[in-house]
K.L.:
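Before I ask anything, let me first share the structure, which is written out below as structure tokens.
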Amino acid sequence: LSRGLGDVYKRQIRGSCLRPSLVYSPDKPAAMPAVGAFYVGNAIGLPFVDRPVTVDTLASAAVRCVEDGRSSGALDYRDMERLSAELRRD
């Protein structure tokens, strides 16, 4: 019985990893130089430099990720922005 139940749980459990490069809050102006540098680095295509995300975007994406039941794996800033937008629409 426990072996069959474990198989059911294995199919239902999924892992998601939100991978922001830099998390910032607009109400902390001291962070803006670093935020600007990351935006520029991402825009010119520097490897391993993703666009920064706000704390609100990260938190909303985490909530939506748990709620939607579809997201899994490593999620970058594009995924976080999509998930955050989905949560705001609902």
K.L.:
Going only through I, L, V, M, F, W and Y residues with side-chain contacts under 4.5 Å, is there a path from Ile44 to Val49?
P.N.:
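The answer is yes; both residues are in one hydrophobic cluster.
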K.L.:
Please give me the minimum heavy-atom distance between Arg82 and Ser71, naming the atom from each residue.
P.N.:
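The pair with the smallest heavy-atom distance is NH2-OG, 4.4 Å.
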K.L.:
Nearest 0.5 Å please: distance from the CD atom of Glu81 over to the OH atom of Tyr77.
P.N.:
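That separation rounds to 7.0 Å.
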K.L.:
Tell me the closest heavy-atom pair linking Asp50 and Asp76, and the distance in Å.
P.N.:
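Scanning both residues completely, I find the closest heavy atoms to be OD2-CB, 4.0 Å.
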K.L.:
Looking only at heavy atoms, which two atoms of Ala30 and Pro33 are closest? And how far apart?
P.N.:
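Reported closest heavy-atom pair: O-CD, 3.3 Å.
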K.L.:
Over all heavy atoms of both residues, which pair between Ser16 and Cys65 is shortest? Give the atoms and the distance, please.
P.N.:
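Closest heavy-atom pair between Ser16 and Cys65: OG-SG, 3.3 Å.
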K.L.:
Might you point out which heavy atoms bring Met80 and Arg19 nearest each other, and give the distance in Å?
P.N.:
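The answer is CE-C, 3.6 Å.
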K.L.:
I need the Leu83 CG to Leu18 CG distance, nearest 0.5 Å.
P.N.:
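Separation between the atoms: 7.5 Å.
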K.L.:
Decide whether Phe48 and Phe38 are clustered together by the hydrophobic rule: side chain heavy atoms of Ile, Leu, Val, Met, Phe, Trp, Tyr closer than 4.5 Å, transitively.
P.N.:
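No, no single cluster joins them.
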K.L.:
For Leu22 and Arg51: C-alpha separation, side-chain torsions, deciding distance, then whether side-chain contact (heavy atoms from CB on, under 4.5 Å) applies.
P.N.:
CA-CA 7 Å; Leu22 178 69; Arg51 214 166 60 207; over 6 Å; no
K.L.:
Compute whether any side-chain donor of one residue and acceptor of the other, for Thr57 and Ser60, lie under 3.5 angstrom apart.
P.N.:
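Distance-only check fails for Thr57 and Ser60.
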K.L.:
Between Arg88 and Ser84, is any side-chain donor less than 3.5 angstrom from a side-chain acceptor?
P.N.:
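Ser84 and Arg88 do have a side-chain donor-acceptor pair below 3.5 Å.
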K.L.:
My understanding is that only residues two or more places apart in sequence, or in another chain, count here; which of them pass side chain to side chain contact (heavy atoms under 4.5 Å, CB included) with Val23?
P.N.:
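Val23 satisfies side chain to side chain contact (heavy atoms under 4.5 Å, CB included) with Pro20, Val53, Val55, Leu58 only.
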K.L.:
Write down the atom of Pro29, the atom of Asp27, and the distance for their closest heavy-atom approach.
P.N.:
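Minimum heavy-atom contact is CD-O, 3.3 Å.
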